[in-house]
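What follows is a short report on a single structure.
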Amino acid sequence: MIFSGSLATALKIECIVEQTYGQWWQSLHRTMLRGVLGKTFRLVGYTIQYGCIAHCAFEYVGGVVMCSGPSMEPTIQNSDIVFAENLSRHFYGIQRGDIVIAKSPSDPKSNICKRVIGLEGDKILTSSPSDFFKSHNYVPTGHVWLEGDNLQNSTDSRYYGPIPYGLIRGRIFFKIWPLSDFGFLRDSPNGHRFSDD
Amino acid sequence: MAQSQGWVRRYAKAFCKGFFVAVPVAVTFLDRVACVARVEGASMQPSLNPGGSQSSDVVLLNHWKVRNFEVQRGDIVSLVSPKNPEQKIIKRVIALEGDIVKTMGHKNRYVKVPRGHIWVEGDHHGHSFDSNSFGPVSLGLLHAHATHILWPPERWQKLESVLPPERLPVQREEE
């Protein structure tokens with residue numbers, strides 16, 4: 001008798017606990033939790049959406065880039081901010097004299113910023129002007145020859161050879177900082193170091 | 001009249017909203033996560049395209065795995081061709097930076113793979129335009145890692161990263 005009585009009491013208590021717990025959960029679900037979860041999902045959704053739009057913009061149109069290093073002085077100084085466009089790369093419209101951003105051939109995670117001196121098939125003068133015997137190199141198919149404007153202080157194709165066109169990421173055509181130098185970029189200060197065939 | 005105009009405007013708004021969400025997300029997914037490609041040519045026989053031109057294999061290309069340019073010896077990868085930037089080629093990674101490779105048909109007998117480069121070869125030696133022709137390729141040209149064959153259905157399989165034993169590097173760069 002006592003046993004069944006305590007069992008009944010236990011069952012009753014359990015029912016009450018479940019009821020209150022269920023009510024508590026329902027009210028939470030209706031008000032707070034749904035709001036928080038909904039907001040989180042919306043935030044994640046917006047982040048993914050804007051992240052994808054940003055990726056498409058940088059990959060296919062262009063973006064703002066900060067350059068570092070002395071290898072393109074005086075055209076681009078250290079810590080200048082420039083505008084790069086990627087349309088020329090996709091339409092294979094890179095010309096001689098363009099300043100391009102490319103992936104470094106020895107470190108794919110870093111970028112280099114140099115001027116295109118020669119396209120495929122061009123003959124490049126590789127010996128320094130003081131040499132008596134001039135030596136030439138032909139740029140192979142699918143490659144470009146890059147040189148920095150600051151010839152004394154630039155690691156470029158004179159050091160690692162021509163780089164494949166596929167490493168080029170974009171073309172720099174406009175400087176936006178410092179404001180004293182705002183505008184389109186100048187031509188190479190080194191004159192013509194190549195001869196066309 | 002006003003009702004039909006309202007309907008058109010609502011439809012256009014929904015279309016634009018969907019367009020600006022769906023297209024960038026799809027493009028980003030295909031560029032950064034994974035895409036599918038048909039393999040042409042006989043340079044990777046018998047692993048890919050064993051039937052020649054009758055049936056081209058369709059492979060799953062995984063961009064996410066190579067987002068940090070990490071590849072292993074034996075992986076089948078797709079890369080931008082160093083000789084023709086409009087084309088992608090699919091080959092097997094034979095050696096990583098620092099390894100010394102014994103070449104087959106290259107102008108130098110032994111080549112040390114420079115830093116930031118890899119040596120790729122097709123499985124069908126002699127019918128393959130690979131590092132034996134154009135030398136080591138820069139890791140920056142890496143496009144994706146081919147992980148599975150998706151079509152034809154009888155060739156569904158996971159592509160294994162095995163190095164053919166005769167193509168082991170002469171000397172590895174120990175980590």
Side-chain angles (χ1 to χ4, degrees), chain A residues 42 44-61 86 88-94 100-114 116 119-121 138-146 155 157 159-171, chain B residues 16-33 35 63-64 66-71 77-89 91 93 96-98 107 111-118 120 129-131 133-144:
Chain A
R42 232 174 312 169
V44 169
Y46 278 135
T47 313
I48 293 179
Q49 181 186 338
Y50 288 124
C52 293
I53 293 181
H55 164 84
C56 288
F58 284 127
E59 186 76 24
Y60 295 105
V61 180
N86 296 336
S88 314
R89 163 175 81 109
H90 285 289
F91 293 117
Y92 304 102
I94 302 279
V100 295
I101 301 181
K103 285 195 203 151
S104 166
S106 52
D107 180 15
K109 297 187 189 173
S110 63
N111 295 327
I112 58 175
C113 169
K114 306 276 180 242
V116 174
L119 302 174
E120 62 188 14
Y138 285 93
V139 180
T141 45
H143 288 63
V144 294
W145 187 273
L146 301 181
T155 321
S157 287
Y159 174 71
Y160 43 67
I163 70 162
Y165 188 98
L167 288 179
I168 294 180
R169 307 199 61 194
R171 184 176 74 101
Chain B
C16 283
K17 231 174 156 183
F19 184 82
F20 280 111
V21 171
V23 168
V25 171
V27 168
T28 308
F29 185 86
L30 293 175
D31 272 351
R32 289 281 169 122
V33 181
C35 64
H63 296 286
W64 191 251
V66 297
R67 68 192 184 280
N68 288 325
F69 303 103
E70 283 165 8
V71 284
V77 295
S78 74
L79 43 139
V80 177
S81 168
K83 289 294 181 185
N84 182 3
E86 303 182 21
Q87 209 182 45
K88 306 258 186 321
I89 57 178
K91 301 281 177 265
V93 175
L96 304 175
E97 65 185 17
K107 55 180 165 33
V111 169
K112 178 162 181 174
V113 180
R115 197 164 58 96
H117 288 64
I118 51 174
V120 295
F129 180 61
D130 53 24
S131 284
S133 313
F134 46 70
V137 292
S138 174
L139 267 174
L141 293 177
L142 200 61
H143 178 243

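Letters A, B, ... are given to chains in the order of the sequence lines, protein chains preceding strands, and every chain is numbered from 1.
- When side chains are defined from C-beta on, A:Val100 counts as touching A:Leu146, because their heavy atoms get closer than 4.5 Å.
- When the candidates A:Cys56, A:Gly45, A:Gly51 are compared by the number of heavy-atom contacts under 4.5 Å with chain B, A:Cys56 comes out ahead.
- Note: A:Ile53 leads A:Asp107, A:Ile163, A:Ile53 in heavy-atom pairs under 4.5 Å with chain B.
- Of the listed residues A:Ser106, A:Ala57, A:Ala54, the one with more heavy-atom pairs under 4.5 angstrom with chain B than any other is A:Ser106.
- No part of A:Tyr160 comes within reach of chain B, as not one of its non-hydrogen atoms sits under 4.5 angstrom from that chain.
- Between A:His55 and A:Tyr60, the ring planes lie perpendicular to each other; the angle is over 60°, past the 30° to 60° tilted range.
- Of the two parts of B:Glu86, the backbone and the side chain both hold a non-hydrogen atom closer than 4.5 Å to a non-hydrogen atom of chain A.
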Between B:Val77 and B:Val71, does the side chain to side chain contact (heavy atoms under 4.5 Å, CB included) criterion hold? Intermediate values first, please. CA-CA 8 Å; B:Val77 295; B:Val71 284; 4.0 Å; yes
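- Residue B:Arg115 qualifies as open at atom CZ: its count of foreign heavy atoms under 6.0 Å is 12 or below.
- Using a 4.0 Å cut-off between charged nitrogen and carboxylate oxygen, A:Arg89 and A:Glu59 count as a salt-bridge pair.
- For chain A, the nearby parts of B:Pro82 are the backbone and the side chain; heavy atoms of each come within less than 4.5 Å.
- For the set B:Leu141, B:Leu79, B:Leu142, B:Val80, the entry with the most heavy-atom pairs within less than 4.5 Å of chain A is B:Leu141.
- Interface summary for chain A: among B:Val27, B:Asn84, B:Asp31, the most heavy-atom pairs under 4.5 angstrom belong to B:Asp31.
- Nearest heavy atoms, A:Tyr92 versus B:Pro85: OH-O, 3.5 Å.
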